[in-house]
Structure formats: C-alpha cells, structure tokens
Amino acid sequence: MYPSGDANAKPLQVAICGAGIAGFAAAAAFRRQGHIVEIFESSAFSKEVGAAVGVPPNATLILKHLGYSKERARAVDYFGSQSRDCSGEGPIFHAFARPSTQTWGNEWMMVHRVDLHNEIRYLATGAEGKGTPAKLHLSTAVESCDPEKGILTLANGRVRQFDLIVGADGIYSKTRTSVLGKVVEAPIASKPTAAFRWVMPVSALEGKPELDWLLKEGAQGGRVTVSKEGHFLLCYPCRDKTLINSIAIHLDKRDQTKIGRNVASSKEELLEEFKCYAPKFKAWMELAEGVRIWQLRTMPVLDTWVNGRTCLIGDAAHAMFPTLGQGAAMVLEDSVVLAGLIPLGTRPDQINQRLRAYEGLRKERGEFVARQAELQAVVPEMRGTYSRSFEMQDKLMFYDAPKVAAEYYQKHFASKEQKAPAAYLERARL
Ligand SMILES: Cc1cc2nc3c(=O)[nH]c(=O)nc-3n(C[C@H](O)[C@H](O)[C@H](O)COP(=O)(O)OP(=O)(O)OC[C@H]3O[C@@H](n4cnc5c(N)ncnc54)[C@H](O)[C@@H]3O)c2cc1C
C-alpha cells in the first residue's frame, strides 16, 4: 500500500538533477509519496567535503517528518550564541537565547554537512523506509532538459523521459538554464564577500586554558566575534561534539572573477585578514588547518522556478549567504512542500498546476531569506538584525513546511478520490 492509501494509483517517474541536500531530501519526500525516483549526480562522491551547517527548528521538523535519526546524523543541540567584540573587551551579547524546543517546537542543531548529507542520502536511497528506494546515478551529469516534455539529456549522451524533473543541481544549475531559457548566474555581491572555513578536533584545545571559553557550558552554542569593519568569526561544535566548525566572513579583496568559488587557503591568509583581532581570538585561528575560502554569492530573483513539468529547488533557485543559518532549512522546506503537493495518484497532466502552486508557496519566502542573508552581511546597519528580532526569528522558525503543503493541497486539489497523504495530514492536524 502506498502512503496515500490508494493501492491502485500509478506512481510518477521523477528525475532529480543533483544529489546535494536538496536532491536527496526531495528524493526522500517523493519516495515516501510512493513515486519512482532516479537521481542524477555529476560527482562520484569519492571524497565528501564540507564543514558544518546549522539546522534550525524549521529544518529539524522536516528531518523528523522524513524519519531521520539524530544519532546517525551525530547532531549537537544549539542553545544560542555568545557574541563578543573582536577587541575582547565590552559586554557579551547573548543571541538566540530563547530555548528552541519550548519556543518553536523543535530542536535547533549543528551538524557536519557530510553527516547530514549521508543521513538524507540514507532516507532517499536506503532499503528501509516507506516507498521504493530512489536510484542514484553517480558520475552522471545532466547537460540540459526539455522542461515541457520532461526529457533529460545527460552529459554521457543518454536521453531519458520522466513525468517530473526536479532541478536540484546547485548554484551552477544546468536545469535552471533549461527552465529559464537563458543563463542566469549568481553575481558577485555588491560588496564581494568570502568566508574562510575549517574544522578542527576538540582535542586540539587540550592544554590550552586560554581557549577554555570556546567550550564553556559544554559548547552547546556558538561563539561569535565581530569587528567594526565587518569581520565575523563564528564557531560551533558538531559531530557529537568531537569537532569544532569555524567560519570567518570578511570583505573579499581578491578579484572574484578570476578565482574558484571554493579554493584552498591557509592559516597565514586567515590571520592576515583578521589581524585586527585580540590575541585570545588569534590563538583560536592559530589552530586552523585545512583552511578553505568560499566566495559568498546569492542568486538574483529569477523570473520563474517552473517551466512545464520541471522545477527548481534549493541553491539552484535561491543560493544564499550563510548569514542567517537558513540555507539547509530553505532547501528542506522546498523539498517537502513540492512533494506534499504531488501525492500518489497525481496525473502527469496535473503536474504543471502543482509546480505553479509550489512556486506560489515557496518563491517569495526563499527569495526573502536570500535577500536578508546578503543585506545583513554587507549593510553595516543591518548586521545582527536576525539575532535581535524575535519577529524575524518567528517568521522563519515557526514555518511548518509539511503542514503548509497539506493545507494548500486540501484546499485547492483534494477530491474524494485524491486525498493528501496521511503523513502530511497528520502534521496539518498538529
Ligand atoms: C561539496 C559541497 C560542500 C558544501 N559544504 C557546505 C558547508 O560546509 N556548509 C554549508 O553551510 N554549506 C555547504 N555547502 C552548501 C550547502 O550544502 C548548500 O548551500 C545547501 O545545502 C543547498 O543544497 P543544494 O542541494 O541545493 O545544492 P548543493 O549542495 O550545491 O548540491 C548540488 C548538487 O548537484 C550536483 N550537480 C551540479 N551540477 C550538476 C549537473 N549538471 N548534473 C548533475 N549533478 C550536478 C553537485 O555535484 C551537488 O552534489 C556545500 C555544498 C557542496 C556541493
């Protein structure tokens, strides 16, 4: 029996381009709906990379909906951040001090991206769980698609046809070019911005009492420092508190047109850029190894996210700065809203109508968060707005994506023959 409860309904053939967090989350959600899913991923995943990602309560809700395991994801609870001036003097500001579960109903977590990615991959392709496991094609890049006909052209020359194509191929999305009929790239920010990133073992702090403050209170939160010039240095633990993830955002003096988006850097470059910082913070940066530097880019507002039977989700639609820690959350929200509008029993001729509904529910919110994340990084007067504004926190973190989809579905599409799947309705009743 499929999740919709209709044993005779015909599953849709769904192609997902890209196996990042968006692609796997969409695959997990569509699989649970009873559809047949194939994922096409350009990389071989031979060496998984990345630092940590924040999983705010609106994202945790979705991971629970998809049946994730907090233990497998090795997630660490986040209980707010302590923010300090880079001089090491002045008061400590406590950001996001409201307890997450009591305030928004779910935990706020910090997770290594590789752990989160592996967990969502398991939910999409693992043998356990509802529906048919999604089939993953690694080293299989998508070249283009015919969005109206649902025809996917792969870089290896093969051509396949599907009922629905989901473009989850990230900031350099090829699917986006096919959906829009033109190339739209993420431009360099009005103030070019970049982030040094590195992860170090907690054991690196042993025997260094001057760095005890990084782990105080069991390291259940973030430690933030800021400078007047806009430097922003943040760390938080992940992977069962065995690793500390650090990110150092700054205005980028390099010519961003001439360098890769994510390239190797060094402790020396980091310390040079953050030289205005007090010695207690430099002692933290002195421990950095394997430093990489990422350009921060955000997608402009796109004309549309939908064409025919093809749509965009995640970074392909709304790549954003990490300022609000909502990147992974927006990706997860897109995925379950999309799948929630397309239960088993949806006919191929209804897909465009559902994709339009998805765009109506998601585009404004995704673009709002992307815009705010950039503004709050590059406009000095706007810095820290999110950490101070309960209204904005509530707007982002009370969002219940499965419920949003279920209510919309019930109101606009449900008929006696075609009911929203039980899992979505269950959330809607909460
Ligand atoms: C390797 C990697 C490491 C990252 N590390 C971090 C991190 O440490 N912290 C953080 O906050 N964010 C990180 N991010 C970004 C973060 O995961 C995304 O911003 C966010 O989760 C959105 O996910 P997404 O799935 O939409 O896009 P992405 O994560 O970019 O995933 C897109 C996927 O599509 C694949 N792809 C691209 N083009 C094609 C094509 N033509 N055909 C088929 N497949 C294609 C890519 O290989 C990738 O797997 C990382 C992204 C990547 C790809």
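Just so you know, ligand 1 is whichever comes first in the structure, and atom 1 is the first atom listed for that ligand. We number each residue from 1, following the sequence as shown.
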Q: Start with the C-alpha distance between Val378 and Ser190, add both sets of side-chain angles, then the distance that settles side chain to side chain contact (heavy atoms under 4.5 Å, CB included), and finish with yes or no.
A: CA-CA 8 Å; Val378 302; Ser190 54; 4.0 Å; yes

Q | Selection from Val114, Asp315, Val111 by shortest heavy-atom distance to atom 18 (C) of ligand 1 | A | Asp315

Q) Looking at Gln376, Met382, Gln372, which one forms a side chain to side chain contact (heavy atoms under 4.5 Å, CB included) with Thr323? A) Gln376

Q: Answer side chain, backbone, both or neither: which part of Tyr172 comes under 4.0 Å from ligand 1, heavy atoms only.
A: neither

Q: Check ligand 1 against Gly20 and write out every atom of the ligand that is under 4.0 Å from a heavy-atom position of the residue.
A: 25 (O), 31 (O), 33 (C), 49 (O)

Q: Number the atoms of ligand 1 from 1 as they appear, then name those within less than 4.0 Å of a heavy atom of Gly314, with their elements.
A: 26 (O)

(Q) Once you restrict to heavy atoms under 4.0 Å, what part of Ala155 touches ligand 1? Side chain, backbone, both or neither. (A) neither

(Q) To check your reading of the model: name the closest protein heavy atom to atom 6 (C) of ligand 1, its residue, and the distance in Å. (A) Arg113 CD, 3.2 Å

Q. In a check of ring pair (Phe, Tyr, Trp, His ring centres under 6.0 Å) between Phe96 and each of Phe390, Phe79, Tyr386, which one passes?
A. Tyr386

Q. Is it true that the NZ or CZ of Arg365 lies under 6.0 Å from the centre of Tyr399's six-membered ring and within 45 degrees of the ring axis?
A. yes

Q: Return the residue, atom name and 0.1 Å-rounded distance of the protein heavy atom closest to atom 1 (C) of ligand 1.
A: Val49 CG2, 3.5 Å

Q) With a 4.0 Å cut-off on heavy atoms, is Trp294 touching ligand 1? A) yes

Q. Centre of Phe368's six-membered ring, under 6.0 Å away, within 45 degrees of the axis: is that where NZ or CZ of Lys395 sits?
A. yes

Q: Could you tell me whether Arg197 sits above the aromatic face of Trp294, with NZ or CZ closer than 6.0 angstrom to the six-membered ring centre and within 45 degrees of the axis?
A: yes

Q) Where does Pro322 meet ligand 1, judged by heavy-atom distances below 4.0 Å: at the side chain, the backbone, both, or neither? A) neither

(Q) Please work out, at 4.0 Å between heavy atoms, whether the side chain, the backbone, both, or neither of Glu41 comes within that distance of ligand 1. (A) both

Q | Identity and separation of the nearest protein heavy atom to atom 36 (N) of ligand 1 | A | Ser42 OG, 3.4 Å

(Q) Measuring from non-hydrogen atoms of Gly327 to any atom of ligand 1, is the shortest distance under 4.0 Å? (A) no

Q) Taking the six-membered ring of Phe196 as reference, does the NZ or CZ atom of Arg292 fall below 6.0 Å from its centre and within a 45° cone about the axis? A) no

Q.
Suppose we measure from atom 23 (O) of ligand 1 to each protein heavy atom; which comes out shortest, and what is that distance?
A. Val331 CG2, 3.8 Å

Q: Indicate whether the side chain of Asn58 and that of Glu333 have a donor and an acceptor atom separated by less than 3.5 Å.
A: yes

Q) Hey, is Arg197 touching ligand 1 through its side chain, its backbone, both or neither, going by heavy atoms under 4.0 Å? A) side chain

Q | Test item, Ala319 contacting ligand 1 (heavy atom, 4.0 angstrom) | A | no

Q. Among all protein non-hydrogen atoms, which one is nearest to atom 8 (O) of ligand 1, and what is the separation to 0.1 Å?
A. Ala51 N, 2.4 Å

Q: Could you find the nearest protein heavy atom to atom 24 (P) of ligand 1 and give me its residue, atom name and distance?
A: Ala22 CB, 3.8 Å

(Q) If only side-chain N and O atoms count, and only distance matters, is there a donor-acceptor pair under 3.5 Å linking Ser227 with Tyr277? (A) no

Q. Heavy-atom distance to atom 34 (O) of ligand 1: which of Ser173, Gly18, Ala316 wins?
A. Gly18

Q.
Evaluate Ala328 for polar contact with ligand 1, using N/O atom pairs at a separation under 3.5 Å.
A. no

(Q) Taking 4.0 angstrom as the limit and counting only heavy atoms of Ala168, give me the atoms of ligand 1 inside it, by number and element. (A) 32 (C), 33 (C), 34 (O)

Q | Element-labelled atoms of ligand 1 that are located less than 4.0 Å from some non-hydrogen atom of Lys174 | A | 41 (N)

Q: Taking atom types as modelled, find out whether Thr60 and Trp108 have a side-chain donor-acceptor pair closer than 3.5 angstrom.
A: no

Q.
Can you see whether Glu273 engages His231 through a side-chain donor-acceptor pair at a distance of less than 3.5 angstrom?
A. yes

Q) Between Glu107 and Tyr78, does a side-chain hydrogen bond (donor to acceptor under 3.5 Å, both in side chains) hold up when you go through it step by step? A) CA-CA 8 Å; Glu107 308 98 295; Tyr78 169 81; over 6 Å; no

Q | atom 10 (C) of ligand 1: the protein heavy-atom neighbour that sits closest, reported with distance to 0.1 Å | A | Val53 CG1, 3.2 Å

Q. Distance only, no hydrogens: is a donor on one side chain within 3.5 Å (strictly under) of an acceptor on the other, for Asp163 and His35?
A. no

Q: Return yes or no for this condition: an N or O of Phe45 is under 3.5 Å from an N or O of ligand 1.
A: no

**Q.** Ligand-side contact atoms (ligand 1) for residue partner Ala141, heavy atom cut-off under 4.0 Å
**A.** 42 (N), 43 (C)

Q.
Show the atoms of ligand 1 that are less than 4.0 angstrom away from any heavy atom in Phe40.
A. 43 (C), 44 (N)

Q: Distance to 0.1 Å, residue and atom name: give those for the protein heavy atom nearest to atom 30 (O) of ligand 1.
A: Gly170 CA, 3.8 Å

Q.
Less than 6.0 angstrom separating the ring centers of Phe24 and His117, yes or no?
A. yes

Q: Could you tell me whether the side chains of Glu38 and His137 share a donor-acceptor contact shorter than 3.5 Å?
A: yes

